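Accompanying notes for the structure given below.
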Amino acid sequence: MKLVKIFAVLGVIVALLAGAVFHYFMDGALPEDPEFAINIEELRELAEAPSELRPTTIEYEIVARRDVPKLGTQAGLERSPITMARAVFRLRSEWGDTMIDVGMTDATRQEFMAEDVFEAEAMERVTAAVAGARSIVVTHEHPDHIGLLGQIESIRPDADGILLTAEQLAGIPKFADNGELPAMLAGLKPVSSDKPTVVAPGVVMLPAAGHTPGSVIFFVAMADGREVLFLGDTVWNMSNIRDALGRPRFVQQFLMPEPEDRGAVYDQLASVIALAEREPDLIMLPSHDEDNIDGLVKLGLLSHQMNSEPEPALQAETAP
Ligand SMILES: [Zn+2]
């Protein structure tokens, strides 16, 4: 009788443990009817601009990287290493260059991402690119994406500027030297975060709060007709899209600076997957998937290194 009791208690413990493992690590199923919608027709309409003003080239730099077990990026128990690369993108255009994310200094990396390996030369090229850009936007307010703006003193005087939402602006002081907004950003008028907004010719910002309150996705209509979706951290790896599996709860709840909104991020991933099926030519660019970036470089769709001179902005055009 005693033995039966012991087995019963053990059984309950095993069941509880299995339930917890499933809940925190393995449950990544997406909603069938996501509330988030990506209206590609609306984005295409907003992105309309003369082809000579739209971006011709996408350049990237990896400013830091580290390997993590796959189970840290996608629900499941796969422990094989996956590289989390901190990519920054620059869209080249005759209108002027647009930065998508700005990276971080090594001091910021040490404080917030101590296990990352920093790429100092890449970050030097990014810093020069930011200084020469006409338009600067970010996918969200985490240090690897927005950090440099906490230390910035100037950008080119004819720039249309730094186009951030109120939620993104609120993130900058956390990565500033003195914990305050740099003077040149203090008077910045935020971009609306409740509707898609044009931030440069051919470049549309789509609000997508979830990973952080200030998360956005960029839709870009390139001069040659290519269409690109810059997903930021809505998706960390293309395998989230291929396998239709979101990030696990233990990462969402315990490993982020502030827990992300699981429902919102899962809705967004489900709608990205539906869109990818409908629009197979749409290029997807999560910020941290280096294999995906390498594949696009091989196809000639992305270029490495921001080492050339900034494009001179056209004098005639002012607002995007
Ligand atoms: Zn990130």
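Ligands are counted one by one from 1 in listed order, and the atoms in each one are counted from 1 as well. These figures come from a predicted structure and were not determined experimentally.
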For N/O/S atoms only: which one belongs to D233 and is nearest the Zn ion (ligand 1)? OD2
Closest N/O/S atom of D144 to the Zn ion (ligand 1), by atom name? OD2
Can you see whether T83 engages E290 through a side-chain donor-acceptor pair at a distance of less than 3.5 angstrom?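 Side-chain D/A pair, T83 to E290: absent.
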Any salt bridge between D97 and R134, counting N to O under 4.0 Å?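 Salt bridge absent between D97 and R134.
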Show the atom names and distances, to 0.1 Å, of all donor-acceptor pairs under 3.5 Å that link a side chain in residues 221-233 to residues at least two apart or in another chain.
{"from": "D224", "atom 1": "OD1", "to": "R226", "atom 2": "N", "distance (Å)": "3.0"}
{"from": "D224", "atom 1": "OD1", "to": "R226", "atom 2": "NE", "distance (Å)": "3.1"}
{"from": "D224", "atom 1": "OD2", "to": "R226", "atom 2": "NE", "distance (Å)": "2.8"}
{"from": "D224", "atom 1": "OD2", "to": "R226", "atom 2": "NH2", "distance (Å)": "3.1"}
{"from": "R226", "atom 1": "NH1", "to": "L301", "atom 2": "O", "distance (Å)": "3.1"}
{"from": "R226", "atom 1": "NH2", "to": "T56", "atom 2": "O", "distance (Å)": "3.1"}
{"from": "E227", "atom 1": "OE1", "to": "R44", "atom 2": "NE", "distance (Å)": "3.4"}
{"from": "E227", "atom 1": "OE1", "to": "R44", "atom 2": "NH2", "distance (Å)": "2.9"}
{"from": "E227", "atom 1": "OE2", "to": "R44", "atom 2": "NE", "distance (Å)": "2.8"}
{"from": "D233", "atom 1": "OD1", "to": "H145", "atom 2": "NE2", "distance (Å)": "3.3"}
{"from": "D233", "atom 1": "OD1", "to": "H288", "atom 2": "NE2", "distance (Å)": "2.9"}
{"from": "D233", "atom 1": "OD2", "to": "H140", "atom 2": "NE2", "distance (Å)": "3.3"}
{"from": "D233", "atom 1": "OD2", "to": "H145", "atom 2": "NE2", "distance (Å)": "3.4"}
{"from": "D233", "atom 1": "OD2", "to": "H211", "atom 2": "NE2", "distance (Å)": "3.3"}
{"from": "D233", "atom 1": "OD2", "to": "W236", "atom 2": "NE1", "distance (Å)": "3.3"}
{"from": "D233", "atom 1": "OD2", "to": "H288", "atom 2": "NE2", "distance (Å)": "3.1"}

Suppose we only count N/O/S atoms under 2.8 Å; would H142 qualify as near the Zn ion (ligand 1)? no
Is the Zn ion (ligand 1) less than 2.8 Å from an N/O/S atom of H145, whether that atom is in the backbone or a side chain? yes
Over all heavy atoms of both residues, which pair between G214 and E141 is shortest? Give the atoms and the distance, please. N-OE2, 2.8 Å
